**Q** 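Here's a structure for you.
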Amino acid sequence: MPRKRPQYRRPPPRPAFVRQGPSDESLDFAASRLAQGATIEDLRLLVTQRRELRDNEDRNANAQPGPEALGRFRNAVLYLAEAERALALLEKATGQPAL
């Protein structure tokens, strides 16, 4: 008596990987640590520098795409978000308006 051939079953599709950014709590914590020993002028300079870093990493990622370039760009975006949040926290605490 011949044996039955096992039937091939296609594996179920995997859900798409969705990279999530940092949580608000972690971003607030990093921003508060950044703002602790800084003045508003220091943070404004830091925001400017991190914007330049983000723009530079964006140009590099477009010129030479790859996972390393994407990682550097994402890190630059995160650093900028931390600096902007720290500046907003310090301006709110001191009552000085943003420029």
Side-chain angles (χ1 to χ4, degrees):
M1 192 163 187
R3 286 180 61 189
K4 264 187 159 178
R5 217 170 100 189
Q7 198 172 33
Y8 174 74
R9 292 183 186 238
R10 181 181 295 182
R14 289 192 251 162
F17 177 73
V18 178
R19 181 183 170 105
Q20 295 180 354
S23 65
D24 284 338
E25 294 85 23
S26 65
L27 196 58
D28 284 338
F29 180 73
S32 65
R33 290 196 62 198
L34 194 60
Q36 277 180 349
T39 64
I40 290 181
E41 290 78 23
D42 293 339
L43 288 177
R44 285 182 182 146
L45 179 63
L46 185 63
V47 167
T48 303
Q49 291 172 343
R50 289 189 175 179
R51 279 189 184 135
E52 290 172 1
L53 175 67
R54 183 210 46 203
D55 293 343
N56 187 28
E57 292 300 335
D58 185 32
R59 281 191 296 276
N60 291 340
N62 283 323
Q64 297 176 346
E68 296 87 14
L70 180 60
R72 287 191 302 269
F73 173 72
R74 285 181 176 164
N75 284 337
V77 169
L78 176 63
Y79 297 153
L80 175 60
E82 289 172 357
E84 287 174 340
R85 181 82 56 104
L87 180 60
L89 287 173
L90 197 58
E91 286 175 340
K92 184 177 178 183
T94 60
Q96 292 186 6
L99 292 179

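Every heavy atom of this structure was used, including side-chain atoms; hydrogens, water molecules and symmetry mates were not. None of the values given here were measured: they were computed from a predicted structure.
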**Q** If the condition is salt bridge (charged side-chain N to carboxylate O under 4.0 Å, His left out), which residues does Arg59 pass it with, not counting sequence neighbours?
**A**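 Listed in chain order: nothing, the list is empty.
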**Q** Check whether any side-chain heavy atom of Leu90 lies under 4.5 Å from a side-chain heavy atom of Arg44, and answer yes or no.
**A**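 The answer is no; the side chains never approach within 4.5 Å.
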**Q** Let me confirm one number: the CG-CZ distance from Asn56 to Arg72, rounded to the nearest 0.5 Å.
**A**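 Taking CG in Asn56 and CZ in Arg72, the distance rounds to 10.0 Å.
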**Q** Quick one: pull up CG in Asn75 and CG in Leu80 and give me the separation to the nearest 0.5 Å.
**A**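 Answer for the CG-CG pair, Asn75 versus Leu80, is 12.5 Å.
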**Q** Among Ile, Leu, Val, Met, Phe, Trp and Tyr joined by side-chain contacts under 4.5 Å, find the other residues sharing a cluster with Val77 and list them by chain and number.
**A**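 Members alongside Val77: Phe73.
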**Q** What closest approach, in Å, do Arg54 and Ala76 show between heavy atoms, and which atom pair accounts for it?
**A**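 Heavy atoms of Arg54 and Ala76 come nearest at CA-CB, 3.8 Å.
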**Q** Hey, does Glu82 have a side-chain heavy atom less than 4.5 Å from the side chain of Arg50?
**A**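 Counting from C-beta outward, Arg50 and Glu82 do come under 4.5 Å.
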**Q** Shortest non-hydrogen contact from Ala86 to Ala31?
**A**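 Looking at all heavy atoms of both residues, the closest pair is CB-O, 3.3 Å.
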**Q** Go through the steps to decide whether Leu87 and Leu34 satisfy the test side-chain contact (heavy atoms from CB on, under 4.5 Å), and finish with yes or no.
**A** CA-CA 9 Å; Leu87 180 60; Leu34 194 60; over 6 Å; no
**Q** In Å, rounded to the nearest 0.5 Å, how long is the span from CG of Asp58 to CG of Leu70?
**A**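 Rounded to the nearest 0.5 Å, the CG-CG separation comes to 10.5 Å.
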**Q** Can you tell me how far the CD1 atom of Ile40 sits from the CG atom of Leu45, to the nearest 0.5 Å?
**A**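 So the gap between those two atoms works out to 14.0 Å.
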